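Working notes for the structure below.
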Amino acid sequence: MASGKVYYPLYQLGNPHLRIFRPDFFMKLVRPGVPQPEDTVQFHISMRMTRLDVKNYLEKIYNVPVAAVRTRIQYGANNKRNYKRQKVKIPDYKVAYVQLGKGQTFEFPNLFPEKEEASEAGSIEDHYKQYMESERQRQTDDPRQGGVPSWFRF
Amino acid sequence: MAASRRWRLAWQGGCRLLHTEPSVAPQPPSSLYPPVVASHTAKSKSAKRRRLEYFYQRVHEAPSIEEKLRIYGCLQRLKYVVYPQTFSLNADRWYQSFTKTVFVPGLPPAGAEPAGPDLSELRSLACDALLQEHFYQHKRKRSLPYQEQEHIPAPFLTQLVSSLTAALGSHNPLLRVSCLDLKPQVNFYWERGETVVTRGYRTGRIDPVRFQIDDKPHVQLRVPKQLPEFVPLDYSVPGEVPVVNHTPDKLPMFKRQYDNKVFIGSKVADPCSYGHTQFHLIPDKLKRERLLKADLADQIEVVHRANGIASLFAWTAAQAMYQGFWCEADVTRPFVSQAVITDGKYFAFFCYQLNTLALTVKADQNNSRKNICWGTESKPLYEAVEGSNVKGFNDEILFQIVQFLLNRPEQL
């Protein structure tokens with residue numbers, strides 16, 4: 001379970017299990033492009049991980065109950081060309097769909113919510129906001145013109 | 001010739017021949033042009049509607065049931081393959097939404113209880129079958145991997161069902177004319193909901209979502225007379241059909257294109273065209289011990305429920321199609337079947353009543369009927385088999401199997 005090419009000792013019945021402390025690859029939780037069911041979480045994982053690795057990773061390190069894992073490899077296209085007319089490959093990556101156990105659900109949060117900043121009365125931001133608001137109102141055309149620009153003349 | 005020329009001149013004078021009868025003047029045509037209808041081949045909604053109407057008309061006017069089934073399933077397209085015995089999580093909710101089924105825990109309200117047969121005889125039959133497979137018969141010491149269910153529980157179930165059916169023939173005359181199938185095929189093809197085609201030359205067109213079930217119950221009992229209904233056809237069930245707002249791909253479920261088959265276990269001409277009871281065996285990959293080891297204890301009942309709902313829907317709907325009903329010609333009487341799902345030790349009982357076959361978008365617009373599935377939790381038939389003794393035999397499970405087998409229409 002390393003991100004480079006490693007040869008593991010062959011496992012035979014009765015051998016001690018392979019134990020990895022501090023694995024050197026990582027999982028990235030991503031927002032699904034297509035809506036997923038409530039119990040499904042989508043990750044981008046290393047190309048060398050398997051679904052068993054994903055399950056053990058989440059259960060042992062993060063104590064997340066995992067019911068099922070499905071993986072697929074997303075092929076990155078090789079159509080783009082650079083200034084030398086050489087082909088430029090977009091890297092491939094592996095996607096894991098993890099279904100949480102014990103009835104848990106997960107929804108990817110909105111990372112950039114629009115927030116209304118309430119500025120205190122008398123502060124610099126408040127004066128700035130009021131000034132910008134008044135300038136905007138001065139720049140707009142007279143509503144009695146009905147959307148016709150002011151340079152239009154008969 | 002001069003004679004014929006003279007005849008023609010006299011004819012042109014307008015004189016009538018003596019032997020003609022006065023004929024009715026021909027009616028003027030109501031319209032000079034043929035009726036104006038939508039195109040048959042255009043890429044438009046009206047053309048699609050016209051093609052659909054033509055298809056429905058062909059199915060309605062089919063001379064026989066076989067011809068009707070052939071026309072119904074002649075067009076092959078990619079469809080979702082629904083497996084009744086599946087490892088997918090929470091599959092029973094998805095299957096309920098595909099088949100418009102309400103799941104009611106427990107069993108349906110029982111009618112008048114008939115005089116029960118002697119349970120001690122039947123208990124001895126069951127224990128004999130159990131001990132034969134577990135103790136008396138010499139079998140391989142270790143069964144092959146993923147074939148443990150075929151080793152002992154499968155022959156036990158076959159023996160149990162056949163011996164109980166034979167013993168109860170005196171109490172239930174329907175069983176004497178029934179047909180016992182071993183590992184029959186049950187198939188059903190239907191459409192539910194609509195989706196937009198995303199890839200291929202048909203991109204952008206609205207298509208119905210197609211499903212196919214190919215089931216292989218372990219043992220099934222087919223009878224020539226239909227079982228009585230549990231509740232009336234338009235009974236309003238306390239419960240809702242779960243609505244799932246995701247495509248079936250997320251279950252996960254995969255698409256394939258092959259024969260659209262509708263089959264109950266025998267062809268249309270067979271006299272035993274109604275279903276009585278199915279017996280299913282849980283496969284090795286979905287056994288109780290494996291699910292407990294994978295920390296999926298809540299999925300044990302889900303596996304039973306999904307199997308019951310999918311298998312029984314396919315069987316009852318195929319029986320309805322064998323009688324000539326289909327999604328545009330909805331059933332006029334409810335179709336009823338029963339199933340027992342077991343893994344050799346734990347038994348779960350399911351009853352299904354098919355009230356509607358109209359699951360397509362067009363037919364489902366004003367359809368308030370829902371299909372109903374009753375089901376119990378799985379309970380053990382025995383605790384353990386020690387040597388030549390069966391420890392902790394549960395009489396209730398045997399009684400329930402006997403009640404299922406004694407189910408018959410009121411006339412008999």
Side-chain angles (χ1 to χ4, degrees), chain A residues 11-15 17 29-45 49-77 79 94-110, chain B residues 80-83 85-98 142 144-146 193-199 203-204 209 241-255 283 285-306:
Chain A
Y11 175 79
Q12 288 165 315
L13 190 70
N15 287 2
H17 287 190
L29 221 190
V30 297
R31 176 191 293 282
V34 181
Q36 297 284 339
E38 299 85 28
D39 60 346
T40 305
V41 191
Q42 197 166 333
F43 289 92
H44 285 187
I45 57 179
M49 280 176 92
T50 62
R51 50 185 72 187
L52 271 176
D53 291 337
V54 170
K55 189 170 155 93
N56 289 336
Y57 195 102
L58 287 174
E59 282 181 338
K60 301 280 163 37
I61 303 178
Y62 291 99
N63 292 328
V64 172
V66 168
V69 181
R70 295 185 293 278
T71 57
R72 68 176 179 93
I73 297 185
Q74 178 60 54
Y75 169 71
N79 302 327
K94 201 178 234 188
V95 183
Y97 301 90
V98 173
Q99 276 187 301
L100 301 172
K102 305 229 177 1
Q104 293 185 2
T105 59
F106 177 80
E107 200 203 309
F108 197 87
N110 184 6
Chain B
Y80 287 108
V81 183
V82 177
Y83 290 97
Q85 295 175 329
T86 174
F87 51 78
S88 319
L89 304 178
N90 301 326
D92 60 336
R93 276 193 73 241
W94 291 78
Y95 287 4
Q96 280 177 58
S97 78
F98 298 151
R142 236 193 240 166
L144 299 167
Y146 293 117
E194 265 177 356
T195 178
V196 178
V197 181
T198 44
R199 282 174 61 183
T203 305
V209 183
V241 179
V243 172
V244 180
N245 290 323
H246 298 273
T247 55
D249 293 303
K250 307 277 175 286
L251 177 57
M253 213 147 74
F254 302 98
K255 281 189 166 185
K285 295 214 170 154
L286 300 172
K287 275 194 318 199
R288 202 166 266 259
E289 295 85 27
R290 265 180 79 95
L291 291 176
L292 287 171
K293 209 168 105 175
D295 201 18
L296 291 170
D298 46 344
Q299 298 294 320
I300 297 176
E301 293 307 320
V302 167
V303 163
H304 288 87
R305 283 201 292 265

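Letters A, B, ... mirror the listed sequences (proteins, then strands); counts begin at 1. Every value quoted in this text rests on a predicted model; they were computed, and no experiment measured them. What's counted below: heavy atoms across the whole structure, side chains too, no hydrogens, waters or symmetry copies.
- Residue pairs meeting the side chain to side chain donor-acceptor pair (under 3.5 Å) criterion with at least one partner in residues 64-74 of chain A, sequence neighbours excluded, are R70(A)-Q99(A), R72(A)-Q74(A), R72(A)-Y97(A).
- Sparse packing is recorded around CD of E107(A), with 12 or fewer heavy atoms of other residues, nucleotides or ligands lying under 6.0 Å away.
- Using a 4.5 Å heavy-atom cut-off against chain B, the contacting residues of residues 29-38 of chain A are V34(A), P35(A), Q36(A), P37(A), E38(A).
- Within 6.0 Å of the CZ atom in F106(A), the count of heavy atoms belonging to other residues, nucleotides or ligands exceeds 12.
- Contacts of H246(B) classified as ring-ring contact (aromatic ring centres under 6.0 Å, His included), with partners at least two apart in sequence or in another chain: none.
- Enclosure of atom OH in Y11(A) by more than 12 non-hydrogen atoms of other residues, nucleotides or ligands within 6.0 angstrom is indicated.
- The side chain to side chain donor-acceptor pair (under 3.5 Å) analysis of residues 295-304 of chain B, with sequence neighbours excluded, yields the pairs K102(A)-D295(B), N90(B)-Q299(B), E301(B)-S378(B).
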